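Quick note on labels: first sequence line is chain A, next is B, and so on, each numbered from 1. Quantities reported herein were computed from a predicted structural model and do not represent experimental measurements.
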Amino acid sequence: MAGWAEHIRVIGRLVFIVLRDRTGRVQLVVRKNISPESWKLARKLSVESVIAAKGVLKENPEAPGGREVVVSELEVLSPAEPLPIDVREPEKTILAKRLDYRYLDLRNDKIRLIFQIEAEVAEVFRQVLRSKGFTEIFTPKILGAASEGGAEVFTVIYFKREAFLAQSPQLYKQLGVISGLERVFEIGPVFRAEPHHTPRHLTEYTSMDYEMGFISDFNQVMDVAEAFLKKATETVVSKYGDLIEKFYPNALLEPVKEIPRMTLEEVHEILRREYGKEYPPGEDLDTEGERLLGEYLEKEHGYHAVFITRYPWGPRPFYTMPCTCVESPGEECCTNLKPDTPTCSFDLIFRGLEMTTGGQRQHDYKCLLKQVENKGISPESLSWYIDMFKYGAPPHGGAGTGLERVVKQILGLKNIREARLLPRDPERLTP
RNA sequence: GCCGUGGUAGUAUAGCCUGGCUUAGUAUGCGGGCCUGUCAAGCCCGUGACCCGGGUUCAAAUCCCGGCCACGGCGCCA
């Protein structure tokens, strides 16, 4: 057998080694009287060296787990130098240093668990979407024009031209719907040049996106997001509940059952009533508001998540469907959009943090043009996109979810960097 | 981007406010020694640090300025 030497204890002419690999652990015991050569190597072995051993597995009540391998032959495949971080107890080392040595940080079960769960969450997303007839697509991440505004986009050199990294697959998802695939989804990286120093932002993260055609109501978009979060928490809790409970005291230990849907106005009312927090009509929640709302719903009603609907036009992107166009379609519905005009869009707050944004999209060519102008964007820069709506575009909507945020909220992690294998932030570009 | 707090051995911290009383303390790691049943083994010995640059001062880990980095708050966002 082979693996990493996790613990080494030298007791005179006897050495205990806890050997670890992907599948688990076993104690090796190296006795001088059985194999003097192995004993010599073992007593000078360093923690986290990779070793291979031959021996006999024996039942022994004195061994941890009741069994151990009595070693007859030991080989050091790759010795380890003294470790720069404490692998045994990650919280003893500051996160930044652990990230510098992520490959050692991950030697700890507790840390690896985060990424096993992340894989599970992504897998559930894929399963849920496929089961509903969505096709997985893979869209470009190098773009000729910034898709949703300028300030937060990364510029790259593309041969002799300037190009941009995708902030979202939004426009391409819609292309997928209009192309006839009708229902599409993507799990992929997105890039945001936002110089934030917060525990919930990354400059590169994994976005789980979907877009669906022929909707009659944007509640159908929420139904999909709800099905995903229920299934994701259900799967993670049933598969990893025991480990999560052992390692993460602030984790969610039960599946999300019901997700209420309330309008922004209703949320304002709750926050005013319960916490005396006043918002101007149509104003998005601030960080504190999101947190307080999460606390209130959890404590009073046992809800872990909530949809906030009917966000006003002001803070929403140009492609958002105004409620006016759903309630009374026609030429007029998009002519006089004001910042406080409600839209058929929503946010999903999970344990007090925004994890998903979505809604219905404008599919009427004329209205789309008006909305682009309303936001002060030049239609020429988006001509390929706008032209799509000239040739038959069904009513549609979709949403995008930050994978790392979901994992952060399930496990109750303090910093989103913990939930990203190799995080990128305004300072960090390595490893 | 703005604001705040911080940066001391491999790791985590004390000392800083009130400059000298420090040979910079403690835990752990690491190196050596003892030990045939360890379970984060124990005991003994040893090892190792004031982020970078400038300034104030007889004297700077300690006070001031700049830089870099880290953490947090805000705005913003997934």
Side-chain angles (χ1 to χ4, degrees), chain A residues 6-18 25 27-34 39 42-44 46-48 58 60-66 68 70 80-101 104-105 108 148-149 151-152 167-170 188-209 225 283-291 311 315-317 346-350 353-358 399-409 414-417 419-420 425-428:
Chain A
E6 186 172 88
H7 296 257
I8 300 145
R9 284 181 282 269
V10 182
I11 314 289
R13 279 166 282 177
L14 165 79
V15 181
F16 297 102
I17 300 167
V18 175
R25 305 178 158 67
Q27 174 166 285
L28 311 182
V29 56
V30 188
R31 294 172 188 277
K32 191 181 182 186
N33 60 355
I34 290 180
W39 176 81
R43 64 188 294 274
K44 290 296 164 199
S46 57
V47 172
E48 290 298 318
K58 283 188 174 163
N60 185 343
E62 287 175 310
E68 65 187 3
V70 181
E81 290 186 17
L83 303 182
I85 60 171
D86 191 331
V87 167
R88 204 180 282 172
E89 289 183 81
E91 46 284 316
K92 283 197 169 173
T93 307
I94 55 169
L95 182 58
K97 195 144 265 171
R98 284 169 43 205
L99 294 174
D100 289 339
Y101 296 97
L104 293 178
D105 194 38
N108 189 290
E148 295 181 31
E152 56 189 35
Q167 302 151 279
S168 151
Q170 181 58 34
V190 294
F191 306 89
R192 305 266 167 110
E194 298 165 341
H196 298 153
H197 296 94
T198 83
R200 59 189 183 284
H201 286 94
L202 295 164
T203 52
E204 177 184 33
Y205 68 91
T206 302
S207 185
M208 299 186 292
D209 275 88
E283 177 107 338
D284 196 1
L285 300 189
D286 51 17
T287 313
E288 189 192 26
E290 281 182 5
R291 209 194 67 237
Y311 275 85
R316 290 283 163 167
F346 66 87
D347 277 2
L348 173 53
I349 313 287
F350 178 36
L353 178 68
E354 189 176 328
M355 73 164 233
T356 302
T357 293
T401 299
L403 173 60
E404 293 83 359
R405 284 198 173 180
V406 177
V407 173
K408 172 182 185 286
Q409 293 310 90
K414 288 206 178 76
N415 194 313
I416 197 160
R417 282 160 244 235
R420 178 101 189 151
D425 62 37
E427 279 74 35
R428 179 175 293 274

Handout entry: Distance between P atoms of B:C65 and B:A49 (Å, rounded)
Key = 29 Å
Practice task
Could you tell me whether A:Glu68 contacts a base, only the sugar-phosphate backbone, or nothing, with contacts defined as non-hydrogen atoms closer than 4.0 Å?
Solution key: base
Exercise for the section: Between A:Ile85 and A:Pro195, just flag the one whose closest nucleotide in RNA chain B comes earlier from the 5' side. Expected result: A:Pro195
Exercise for the section: Classify the nucleic acid contact of A:Asp347 as base, sugar-phosphate or nothing, counting any heavy atom under 4.0 Å across all strands shown. Expected result: nothing
Exercise for the section: For A:Gln27, answer base if it contacts any base atom (sugar-phosphate contacts may also be present), sugar-phosphate if it contacts only those atoms, and nothing otherwise; contact means non-hydrogen atoms under 4.0 Å. Expected result: base
Problem - Residues A:Arg428, A:Asp100: salt bridge by 4.0 Å N-O rule - result: yes
Problem - Earlier contact from the 5' end, RNA chain B, for A:Arg316 and A:Glu288 - result: A:Glu288
Handout entry: Distance, C1' atom - from B:C2 to B:G19, rounded to whole angstrom
Key = 34 Å
Practice task
Would you mind telling me which of B:C39, B:C74, B:C35 lies closest to the side-chain atoms of A:Arg200?
Solution key: B:C74
Handout entry: Between C1' of B:C71 and CG of A:Leu99, the distance in whole Å
Key = 13 Å
Completion exercise
Closest to the side chain of A:Thr198, out of B:C77, B:A70, B:G75, is B:G75
Practice task
Would you give the length of the straight line joining atom NZ of A:Lys414 to atom CD of A:Glu91, rounded to the nearest 0.5 angstrom?
Solution key: 9.0 Å
Fill in the blank from the handout: In whole angstroms, the gap separating C1' of B:U36 from CZ of A:Phe16 amounts to 8 Å
Practice task
Please state the P separation for the pair B:A70 and B:U11 - nearest whole angstrom.
Solution key: 15 Å
Problem - Among B:C74, B:A40, B:G73, the one nearest A:Thr287 by side-chain distance - result: B:C74
Exercise for the section: Indicate, with a heavy-atom threshold strictly under 4.0 Å, whether A:Pro64 touches base, sugar-phosphate, or nothing. Expected result: base
Exercise for the section: Scan A:Arg428 against the nucleic acid and name what it touches under 4.0 Å (heavy atoms): base, sugar-phosphate only, or nothing. Expected result: nothing
Handout entry: Side-chain donor/acceptor contact of A:Asn33 with base of B:U36 under 3.5 Å
Key = yes
Problem - Base of B:C77 paired with side chain of A:Arg405 (donor-acceptor, under 3.5 Å) - result: yes
Fill in the blank from the handout: When rounded to whole Å, the NZ to P distance for the pair A:Lys92 and B:A40 reads 13 Å
Problem - Pairing nucleotide - B:G19, Watson-Crick or G-U, each distance under 3.5 Å - result: none
Practice task
Could you work out which one of B:C30, B:A78, B:C69 sits closest to the side chain of A:Tyr205?
Solution key: B:A78
Handout entry: Inter-nucleotide C1' distance (B:A61, B:U23), Å rounded
Key = 15 Å
Practice task
Using the C1' atoms only, state how far B:C71 lies from B:C64, rounded to an integer number of Å.
Solution key: 24 Å
Practice task
Using the side-chain hydrogen bond (donor to acceptor under 3.5 Å, both in side chains) rule, take A:Thr206 and A:Glu404 through it: C-alpha gap first, then chi angles, then the decisive distance, then the call.
Solution key: CA-CA 7 Å; A:Thr206 302; A:Glu404 293 83 359; 3.2 Å; yes
Practice task
Pick the C1' atom in B:U22 and in B:C34, then give their distance to the nearest Å.
Solution key: 34 Å
Fill in the blank from the handout: With the side chain defined as heavy atoms from C-beta on, A:Leu14 is closest, among B:U38, B:C77, B:U36, to B:U36
Handout entry: Check: A:His201 side chain, B:C76 base, donor-acceptor under 3.5 Å
Key = yes
Exercise for the section: Could you check if a side-chain atom of A:Gln167 sits within less than 4.5 angstrom of a side-chain atom of A:Glu152, using non-hydrogen atoms only? Expected result: yes
Exercise for the section: Taking atom P in both B:A59 and B:G6, compute the distance separating them and give it to the nearest angstrom. Expected result: 27 Å
Handout entry: Distance test, side-chain N/O of A:Lys44 to OP1/OP2 of B:G32, below 4.0 Å
Key = yes
Practice task
Hey, could you give me the OG1/CZ distance between A:Thr203 and A:Arg420, rounded to the nearest 0.5 Å?
Solution key: 8.5 Å
Problem - Whole-Å gap separating C1' (B:U11) and CG (A:Leu95) - result: 15 Å
Problem - A:His196 side-chain proximity, nearest of B:U38, B:C76, B:C30 - result: B:C76
Problem - Integer-rounded Å distance: B:U13 C1' and A:Asp86 CG - result: 14 Å
Practice task
Classify the side chain of A:Glu290 and the base of B:C77 as holding, or not holding, a donor-acceptor pair under 3.5 Å.
Solution key: yes
Exercise for the section: Would you indicate, yes or no, if B:U11 has its OP1 or OP2 atom less than 4.0 angstrom from a side-chain nitrogen or oxygen of A:Lys97? Expected result: yes
Exercise for the section: Would you classify A:Leu83 as touching base, sugar-phosphate or nothing, given that sugar-phosphate means primed atoms plus P, OP1 and OP2, and contacts are heavy atoms under 4.0 Å? Expected result: sugar-phosphate
Fill in the blank from the handout: By the Watson-Crick or G-U definition, both distances under 3.5 Å, B:C71 is matched with B:G4
Handout entry: C1' spacing across the pair B:G75 / B:G55, given as an integer number of angstrom
Key = 36 Å
Exercise for the section: For the residue pair A:Glu427 and A:His197, confirm or rule out a side-chain donor-acceptor distance under 3.5 Å. Expected result: yes
Exercise for the section: Would you give the length of the straight line joining atom CD of A:Gln170 to atom OG1 of A:Thr357, rounded to the nearest 0.5 angstrom? Expected result: 10.5 Å
Completion exercise
In Watson-Crick or G-U wobble terms, with both distances under 3.5 Å, the base opposite B:G31 is B:C45
Completion exercise
Quick note, A:Ala63 side chain, CB onward, closest among B:G72, B:U38, B:C71 is B:U38
Exercise for the section: Give A:Val15 one of three labels, base, sugar-phosphate or nothing, depending on what nucleic acid heavy atoms sit under 4.0 Å from its own. Expected result: nothing
Practice task
For A:Leu83 and A:Ile85, run side chain to side chain contact (heavy atoms under 4.5 Å, CB included): C-alpha distance rounded to whole Å, both residues' side-chain angles, the deciding distance at 0.1 Å, then the answer.
Solution key: CA-CA 6 Å; A:Leu83 303 182; A:Ile85 60 171; 5.5 Å; no
Fill in the blank from the handout: Testing B:A12, B:C77, B:G72 for proximity to the side chain of A:Thr93, the answer is B:A12
Handout entry: Ion pair check, A:Arg291 and A:Asp286, cut-off under 4.0 Å
Key = no
Practice task
Both distances under 3.5 Å, Watson-Crick or G-U wobble: report the partner of B:A78, or none.
Solution key: none
Exercise for the section: Could you tell me whether A:Ile94 contacts a base, only the sugar-phosphate backbone, or nothing, with contacts defined as non-hydrogen atoms closer than 4.0 Å? Expected result: sugar-phosphate
Fill in the blank from the handout: From the candidates B:G75, B:C2, B:U36, the one with an atom nearest any side-chain atom of A:His197 is B:C2
Exercise for the section: Quick one: look up who B:G66 pairs with, Watson-Crick or G-U, both distances under 3.5 Å, and put none if it's unpaired. Expected result: B:C52
Fill in the blank from the handout: Against the side chain of A:Arg13, the closest entry in B:U11, B:U38, B:U36 is B:U36
Completion exercise
Any strand, both distances under 3.5 Å, Watson-Crick or G-U wobble: B:A61 pairs with none
Problem - Cationic N near anionic O, under 4.0 Å, A:Lys58 to A:Glu68 - result: no
Practice task
Please state how far atom NE2 in A:His7 lies from atom P in B:G29, giving the value in whole angstrom units.
Solution key: 12 Å
Exercise for the section: Using a heavy-atom cut-off of under 4.0 Å over every strand shown, decide if A:Ser46 touches base, sugar-phosphate, or nothing. Expected result: nothing
Handout entry: B:U38 base / A:Glu62 side chain donor-acceptor hit below 3.5 Å
Key = no
Practice task
Starting from P on B:G29, measure out to CD1 on A:Ile8 and report it in whole angstrom.
Solution key: 13 Å
Handout entry: Side-chain N,O (A:Thr356) to OP1/OP2 (B:A78) below 4.0 Å
Key = no
